[in-house]
Amino acid sequence: MNAHFDTIVIGAGSGGGVAASRLSEDPGRSILLLEAGVDFPHEADMLPLVAVSSEHTWRVSGAPEFDWGFFDFDRAGRRNGRPIRLPRGRLVGGTSMVNSTIAVRPAASDLDRWASLGNAGWDYLSLLPLFRRIETDRDFGDSALHGGEGPIVINRYRRESWAPVNGVFADACDEAGLIWSDDLNNPDSDAGVVGAMPHNRFKEAKQGTLNTYLRIARGRKNLTIQGGALVDRILISGGRIKGVRWAGPEGSVETTADRIVLAAGVYNTPAVLMRSGIGEAARLADLGVKTHADLPVGRGLTDHPGCPFFFSADSGNALTGRLFATILRDAAREEGKPWWQLHPFPADEEEGLSGFFVFLCSQQASGTVAIRDADPRSLPIVDHDYLADPSDIARFRDAFEMIRRLVAQPAFRRVNARLLHDGADFESYVKATLASAHHQNGGCRMSPDPKLGVVGPDLEVHGVDGLYVADSSVFPDNIVHNTNLTCYVIGEKVADHIRRRS
Ligand SMILES: Cc1cc2nc3c(=O)[nH]c(=O)nc-3n(C[C@H](O)[C@H](O)[C@H](O)COP(=O)(O)OP(=O)(O)OC[C@H]3O[C@@H](n4cnc5c(N)ncnc54)[C@H](O)[C@@H]3O)c2cc1C
């Protein structure tokens, strides 16, 4: 590919799919979207894909046939070396096409904290127009809080379609005196409520970027979507980007551009930057990579650690239906942050087995992403440093006590619910069952200070002109809720910045 492009977007996932689509609205710009995974240019081929979801069985997370194959290998030895799978989508649409479609916004307090860290323009009120712009909320429509014309259709499932365990759960929460919220995306519902999860699904189709933003943009002459394009590195000279080296169907290619938006996701974005000479100088020198910008790339990785608690009950309770239909958000604690969220799920109809999944709303940000060598085919080494903070066990215990309280309510007693874990040797239980809630972020954090972050509030990499990052790696710290909608908004935000500047 010899042409020169206005913008190359690397990675067609939640952030990159939105950025490429929005930038291509300007016919004066030529956009190349490079994606390592497969593309689905024909609508007919997409059909099975949009229904693929970890929503249909709690056992499968992501879609293994479109997965990068990441694991956390317990470097610190806190789980007896038990690996934890970390699914990430490898296809046009990225992880937005393999996720569970829970469409929740970050808490207002999360965004206000991001702004207070020096990231001007990232506070709740400044970002609200973008959260409205991305959505068509079929329950609330065009209103002060919601959008009615965006590409992503959002709705909440009616009680009739929930897996029965969700109805039992909602009744038990009511009996326990917990507050029901009709809209978990209202900032008054960020903590201390139970409600129906909003989903980005429409007529059973997952609303990822492949079949929303990129479906809209695909016909534009100024947008080229190149699947099967593994990006090796960004070419930099004199503190400015020149282009991208990538491997496609015809071998290794170098393509030039005026600017680059890197959106390869929470693990691969740090890896591409490091291969390109952007990272901690000492580490890059060890790998024989010339440093262009000495920045804390790969630091501050975080996630929501999760843990399942199973119970047996009369089998009707475990019947399948909408798995992720309801959720309880812990009350705000110190600094206004809840500790955990928990939701029920059916596990095994024949055995009458169901469960509660608990995830912690924050994690100590001591995780890292590193590269083992400069070969783009080598997967980066991911270390989430799960359970580094001793308070994690206490927070899981607190959620478990809430589960006990709920199971003691009449709604659960009516179905003869009995928890399989009795709370003894709790720490060992958590270590043996710990999982990821898949809300990974950080690694290229946003901060105006290049000692603390990799990109500034405009998402441009410190010290490298023309290079932007637009995915979950830029979160300055963890948000308490799920991450996907925030990634869509980051894609919108980078497109706004670029349009304003040139
Ligand atoms: C199983 C699962 C369930 C989830 N459920 C939910 C949920 O219900 N609600 C929610 O809010 N969040 C959920 N999430 C999280 C959410 O989907 C992610 O936070 C979000 O999609 C991340 O977007 P991103 O833009 O950072 O990266 P991605 O969407 O992962 O995009 C990165 C893209 O870059 C491509 N790429 C990577 N490296 C290269 C390279 N070298 N060259 C070219 N291309 C490359 C990848 O193939 C991918 O397409 C879930 C995640 C998982 C895994």
Side-chain angles (χ1 to χ4, degrees), residues 8-20 33-39 52-55 58 60-64 66-68 70 85-106 152 197-201 206-210 214 226-234 244-248 261-273 275-276 303-304 306 323-324 327 343 359 376-380 435-444 469-475 479 481-491 494:
I8 298 176
V9 179
I10 301 170
S14 301
V18 172
L33 176 57
L34 294 174
E35 166 57 46
V38 66
D39 188 17
V52 171
S53 168
S54 52
E55 196 207 0
W58 67 275
V60 179
S61 279
F66 303 113
D67 193 46
W68 277 88
F70 287 106
R85 190 172 155 242
L86 305 167
R88 292 285 106 183
R90 182 177 178 143
L91 71 163
V92 170
T95 309
S96 75
M97 295 310 299
V98 303
N99 74 13
S100 308
T101 71
I102 297 160
V104 293
R105 297 175 180 179
I152 304 293
M197 288 175 182
H199 276 271
N200 49 312
R201 287 192 149 227
K206 192 188 297 274
Q207 300 283 282
T209 54
L210 169 67
L214 291 174
Q226 178 67 57
L230 180 67
V231 168
D232 172 357
R233 67 195 62 194
I234 291 155
V244 175
R245 183 183 303 158
W246 53 282
V261 176
L262 176 57
V266 68
Y267 304 137
N268 284 312
T269 280
V272 172
L273 287 178
R275 291 199 293 270
S276 310
D303 190 7
H304 291 156
L323 242 61
F324 302 145
I327 191 158
H343 64 80
F359 71 77
R377 292 162 304 180
S378 305
L379 282 189
S436 168
H438 312 307
H439 302 155
Q440 296 90 330
N441 61 79
C444 297
V469 178
D471 57 30
S472 46
S473 69
V474 303
F475 287 22
I479 60 176
H481 304 321
N482 312 48
T483 43
N484 190 41
L485 290 194
T486 307
C487 296
Y488 290 162
V489 160
I490 287 170
V494 81

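When reading the values below, keep in mind they use all heavy atoms of this one structure, side chains included, and skip hydrogens, waters and symmetry mates. Since we're looking at a predicted model, the values are computed, not measured. Counting starts at 1 for both ligands and their atoms, in listed order.
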Next item on the list: Answer with side chain, backbone, both or neither: which part of P376 has a heavy atom less than 4.0 angstrom from an atom of ligand 1?
Entry: neither

Margin query: Counting only heavy atoms closer than 4.0 Å, does ligand 1 sit against the backbone of R88, its side chain, both, or neither?
Written below: side chain

Notebook entry, point to check: If you measure from OG1 on T101 to CZ on R201, what distance do you get to the nearest 0.5 Å?
Noted result: 4.5 Å

Check: Are any of the N/O atoms in H439 less than 3.5 Å from those in ligand 1?
Finding: no

Next item on the list: For G265, take its heavy atoms, then give the atoms of ligand 1 lying under 4.0 Å from any of them.
Entry: 26 (O), 27 (O), 32 (C)

Check: If you count the atoms of ligand 1 from 1 in the order shown, which ones are under 4.0 Å from a heavy atom of I102?
Finding: 7 (C), 8 (O), 9 (N), 10 (C), 11 (O)

Item checked: Student check: side-chain heavy atoms of Q226 and L33 closer than 4.5 Å -> no

Note to self: Using a 4.0 Å cutoff against the non-hydrogen atoms of N482, which atoms of ligand 1 qualify?
What the structure shows: 9 (N), 10 (C), 11 (O)

Margin query: Nearest 0.5 Å, please: how far is CG in N484 from CG in N200?
Written below: 6.0 Å

Next item on the list: For ligand 1, find out whether one of its N or O atoms is nearer than 3.5 Å to an N or O atom of A36.
Entry: yes

Checklist line | No-hydrogen, no-angle side-chain donor-acceptor test under 3.5 Å, T483 and H439 | finding: no

Notebook entry, point to check: Mind checking whether V231 has an N or O less than 3.5 Å away from an N or O of ligand 1?
Noted result: yes

Notebook entry, point to check: Any side-chain heavy atom of H438 within less than 4.5 Å of one from N99?
Noted result: no

Check: Got a sec, which residues hit side-chain hydrogen bond (donor to acceptor under 3.5 Å, both in side chains) with N268, two or more places apart in sequence or on another chain?
Finding: none

Notebook entry, point to check: Just which atoms of ligand 1 are under 4.0 Å from any heavy atom in T101?
Noted result: 7 (C), 8 (O)

Margin query: Going by the closest heavy atom to atom 31 (O) of ligand 1, which one wins out of G37, G13, G208, S436?
Written below: G13

Check: Purely on distance, is any nitrogen or oxygen of Q440 under 3.5 Å from one on ligand 1?
Finding: no

Checklist line | Proximal atoms of ligand 1 relative to G94 (non-hydrogen, under 4.0 Å) | finding: 29 (O), 48 (C), 49 (O)

Check: Are any of the side-chain heavy atoms of V98 and L91 separated by less than 4.5 Å?
Finding: yes

Note to self: If you take the nearest heavy atom of each of G11, S96, A229, which one is closest to atom 43 (C) of ligand 1?
What the structure shows: A229

Next item on the list: Would you check the N or O atoms of L91, main chain and side chain alike, for any that come under 3.5 Å of an N or O of ligand 1?
Entry: yes

Next item on the list: Can you sort out which atoms of ligand 1 are near N484, meaning under 4.0 Å from one of its heavy atoms?
Entry: 10 (C), 11 (O), 12 (N), 16 (C), 17 (O), 20 (C), 21 (O)

Next item on the list: State, yes or no, whether a side-chain contact exists between L379 and Y267 at a heavy-atom distance under 4.5 Å.
Entry: no

Check: Which is it for A263 and ligand 1 at heavy atoms under 4.0 Å: side chain, backbone, both or neither?
Finding: backbone

Item checked: Heavy-atom check, side chain of F359 versus side chain of N482, under 4.5 Å -> yes

Note to self: For N268, which part has a heavy atom under 4.0 Å from ligand 1: side chain, backbone, both, or neither?
What the structure shows: side chain

Next item on the list: Write down the atom of G491, the atom of V18, and the distance for their closest heavy-atom approach.
Entry: C-CG1, 3.7 Å

Item checked: Contact (N/O only, under 3.5 Å) between S100 and ligand 1 -> yes

Checklist line | Main-chain N/O of V231 paired to R275 side chain as donor or acceptor, under 3.5 Å | finding: yes

Check: Is it true that a side-chain atom of D67 and a backbone atom of R88 form a donor plus acceptor pair closer than 3.5 Å?
Finding: yes

Item checked: Element-labelled atoms of ligand 1 that are located less than 4.0 Å from some non-hydrogen atom of G89 -> 46 (C), 47 (O), 48 (C), 49 (O)

Note to self: Tell me the contacting part of C487 for ligand 1: side chain, backbone, both, or neither, using a 4.0 Å heavy-atom threshold, strictly below.
What the structure shows: side chain

Check: Relative to the heavy atoms of G15, which atoms of ligand 1 are at a distance of less than 4.0 Å?
Finding: 25 (O)

Check: Under the 3.5 angstrom rule, does the side chain of S436 hit a backbone N or O of L86 as a donor-acceptor pair?
Finding: no

Note to self: When you compare ligand 1 with W68, is there at least one nitrogen or oxygen pair between them that comes in under 3.5 angstrom?
What the structure shows: yes

